[in-house]
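Read the structure below first, then the notes.
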Amino acid sequence: MQQPQLDRRSLLRGALATAALAGTASFAGCAGSASDTPASSGAPAASGSGSAAAGAADNPFGVAQGSKVEAVVFNGGYGIDYAENAGKIMSGASFKPSVQVAPSTQIGTELQPRFAGGNPPDVIDNSGKDLIGISAIVDQLEDLSSVIDAKNLEGGTIRDTLYNGVLEPGTIDGKLAVINYVLTVYATWYSSSLFEENGWTPPKTWEEAYELGTKAKAKNKFLFLWGKEAATYYQTMAIGSAIKEGGDETRLALDNMQANCWSQKPVQDVFTAMKKIIDAGMVKPGGSGTQFTAAQAQWSNNQDALLYPSGSWIENEMKKQTKDGFKMMGLSDFSVTDAPKLGAKALHSTAGEGYIVPSKAANPAGGKEFMRVMLSKEAATNFAKTKLAPTIVKDTVPTDAFGSTALASQIKLLEEAGDAIYSWQFVDYYGTNKDQLVLWNSFLDGKMDVATLTKELQKITDTIREDSSIKKYTAK
C-alpha cells in the first residue's frame, strides 16, 4: 500500500506568511491562487430525487430540490453558530434545501457507529478530543476537489480565494479527503495588562518560564493550570517546543512514529523542564478533576495562573469569561536553549477544523454544497468577525483585527515567523489523543515521572506503527 507523503515543515509556509501580510495590508488585491490539488474530472450526480440540475451556477453538485442536508459540527471553542449561518445562507438557494446543523462534543463516539451502519451525516466537522482518526475512514470519504474547483457564491473559483498550502494537510494519496477550515496559531497565551502591571517579561525559554513561575508564586499565583479534557494541550506545547529546539529530525521521528522517538534529547529536555515546573508547585493542582473551560476561566477571569497553552480559538471560547482589560496575547513555543534549530521566532501553526463528506451519506451532494457556502467570502468573513480567527479564505480580516489583541497577536507571530512554520499530523491522523489524555493528566498532577510518561507515550506509538491494518502516512 502506497503511503501518502506529507511535508509538514513547508506545506503552510506560503499560506501563513500570506495570512500575516494580509493582516497588516489593505486587502486591495489577492496574493495569487493556490495550486494544491489537481482539478476534479467532474461533479457528482444529484443525490436523491428532484429537479435540480447538476452543474447549474447556483447548484454545481446537483442537490435535489427540497432535499435534507445534515451537518454535524464540533461544538468547541468556535461553537456552531458560524455553521448555522452557512446553513441559513444555503437554505435560501433556489433548490430550497432543508439544512440541519447539529452540535457534538464527541464526534468519534457518536458518529463512528453511523459510519459502521452506513448512514453517516452529509458533512462533519471532525474535530475535538474525540475526533475520528482519518486513517480509519479515509476510504469512506468523498474527494472534495470538486468543491475547491467550483465557483463560490460571489462567482470566483474557490481555489483562487484560498491561502497557498492549506489543502495539503487534508490531501491523502492525491485525494482531498479533508478541508481544514480555520487557520490556527498554537501559542502560550497571557494577559499583557497583567504582565505590564507587574513588570514581567514574557518568557522565551523554559528557564525563563521557571523564573517567571518564581515571581508568580511571590504574588500567590501559579504559572500554569489545566482542565481534564484539555491536558493534552500541554502535549501539543511540549511537541512544538521540542520540534522548535530539535528541528526537522525531531519532527520527522515523531510524525513517522519511529522507535524511541519520545526519547529524543529535545523531547526529553522539554519533558524535564516541564517536570521541574510541576515539582516546584507552579502548576495549579486539581486540574484532572476540573472541567476544562472552568479551568480556563480560572486563568482568563480569576487570573490564578499567568500562562495557558492553546490554539487561537481560546479568545472566542472564553470571551464571556475573560476579565475586562485582559488584553490577551500569545507567545510562540518556548525553546530549551537560546538558539533553537528552527529559530527563536519559529511558530506552530496549521489549518484546523477538518470538514469531511462521507460517501455513504444520504446526501453527499448536499454536504459538498454546504462546504461551497462555508468557503464563500460572506460566510468566511462572518467567521473571522465573530470568532476572531482567520479561515483559509483570503481577504477576510481587516487591518484593525476587529479590535482583538489576540487576533493582532496572531498576525504578529505569523509575520515574525516568516517561513519558520511547523506542524505535525500524527495525533489527529491516528486518533491518539484519547489515550494520551490519561497520561498527561497524571503527569500534570505530579503522579507520573518523565521516564514513565516517555515509556507510555512510546507504547502508544509502537502499537500503531506495528499494526499493519492501520494505513500509515510518511511525513517529509
Side-chain angles (χ1 to χ4, degrees), residues 69-91 99-111 121-132 178-187 189 227-230 232-233 236 291-301 308-323 326 328 330 350-356 367 370-371 373-393 396-397 401-407 409-410 428 433:
V69 180
E70 181 188 6
V72 176
V73 177
F74 175 63
N75 191 15
Y78 296 126
I80 69 166
D81 57 298
Y82 73 94
E84 291 174 327
N85 176 68
K88 289 177 182 177
I89 296 171
M90 183 176 170
S91 295
V99 184
Q100 176 189 1
V101 178
S104 174
T105 57
Q106 295 182 304
I107 295 293
T109 300
E110 294 177 1
L111 299 186
D122 303 313
V123 60
I124 302 165
D125 172 16
N126 184 36
S127 301
K129 65 183 180 65
D130 189 35
L131 57 72
I132 304 171
V178 185
I179 293 178
N180 293 285
Y181 188 63
V182 184
L183 282 183
T184 302
V185 169
Y186 292 88
W189 303 91
K228 59 185 178 181
E229 302 93 340
T232 45
Y233 286 9
T236 301
Q291 195 271 341
F292 81 103
T293 53
Q296 289 172 179
Q298 294 171 4
W299 163 73
S300 61
N301 199 31
Y308 189 74
S310 174
S312 47
W313 59 79
I314 185 67
E315 181 184 28
N316 181 72
E317 187 170 59
M318 302 307 296
K319 63 184 178 183
K320 294 182 180 179
Q321 299 182 75
T322 299
K323 185 177 180 179
F326 191 84
M328 191 181 298
T350 188
E353 299 296 315
Y355 276 81
I356 56 178
F370 184 87
M371 290 311 303
V373 173
M374 287 271 287
L375 293 167
S376 68
K377 287 290 181 68
E378 180 181 354
T381 300
N382 173 74
F383 183 96
K385 183 176 182 179
T386 59
K387 306 306 173 186
L388 301 176
T391 69
I392 62 174
V393 180
T396 60
V397 180
F402 302 111
S404 164
T405 57
L407 182 53
S409 178
Q410 293 172 55
D428 287 352
N433 186 72

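Here the structure is a predicted model, which means the values were calculated and not measured.
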Atom of [X], atom of [Y] and distance for their closest heavy-atom approach:
X: Asn126; Y: Ile107; result: OD1-CG2, 3.4 Å
X: Gly354; Y: Ser127; result: N-OG, 3.5 Å
X: Ser91; Y: Val99; result: OG-CG2, 3.6 Å
X: Pro121; Y: Leu111; result: CG-CD2, 3.9 Å
X: Pro390; Y: Val397; result: CB-CG2, 3.9 Å
X: Tyr355; Y: Ala83; result: OH-CB, 4.3 Å

Worked verdict on Phe326 versus Trp299 for ring pair (Phe, Tyr, Trp, His ring centres under 6.0 Å): CA-CA 10 Å; Phe326 191 84; Trp299 163 73; 5.2 Å; yes

Could you list the residues that satisfy side chain to side chain contact (heavy atoms under 4.5 Å, CB included) with [X], not counting sequence neighbours?
X: Ser404; value: Glu315, Leu388, Ala406, Leu407
X: Asn433; value: Lys129, Thr232, Val427, Leu437
X: Ala380; value: Tyr181, Thr391, Val393, Thr396
X: Ser376; value: Leu153, Glu154, Glu378, Ala379

Side-chain heavy-atom pair [X], [Y] within 4.5 angstrom cut-off:
X: Ile392; Y: Ile179; value: yes
X: Val178; Y: Asn180; value: yes
X: Val72; Y: Asp125; value: no

Does a side chain donor of either [X] or [Y] reach within less than 3.5 Å of an acceptor in the other side chain?
X: Gln296; Y: Tyr308; answer: yes
X: Ser300; Y: Gln321; answer: no
X: Thr105; Y: Asn75; answer: no
X: Gln106; Y: Ser104; answer: no

From [X] [atom1] over to [Y] [atom2], what is the distance, rounded to the nearest 0.5 angstrom?
X: Tyr186; Y: Trp313; atom1: OH; atom2: CH2; result: 4.5 Å
X: Asn301; Y: Lys320; atom1: CG; atom2: NZ; result: 14.0 Å
X: Ser310; Y: Met318; atom1: OG; atom2: CE; result: 10.0 Å
X: Phe370; Y: Ile124; atom1: CZ; atom2: CD1; result: 12.0 Å
X: Ile314; Y: Tyr233; atom1: CD1; atom2: OH; result: 6.5 Å
X: Asn382; Y: Lys377; atom1: CG; atom2: NZ; result: 15.0 Å

Donor-acceptor contact present, side-chain Ser409 to main-chain Thr405, <3.5 Å: no

Asn316 side chain vs Gly77 backbone, donor-acceptor pair below 3.5 Å: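 Checking the backbone N and O of Gly77 against the side chain of Asn316, a donor-acceptor pair under 3.5 Å is found.
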
Set of salt bridge (charged side-chain N to carboxylate O under 4.0 Å, His left out) partners for Glu70, sequence neighbours left out: Arg114

Derivation and outcome, side-chain contact (heavy atoms from CB on, under 4.5 Å), residues Val69 and Met90: CA-CA 10 Å; Val69 180; Met90 183 176 170; 3.7 Å; yes

Neighbour count >12 (heavy atoms, 6.0 Å) for atom NZ, Lys88: no

Contact list for residues 71-83, test salt bridge (charged side-chain N to carboxylate O under 4.0 Å, His left out), sequence neighbours left out: Asp81-Lys387

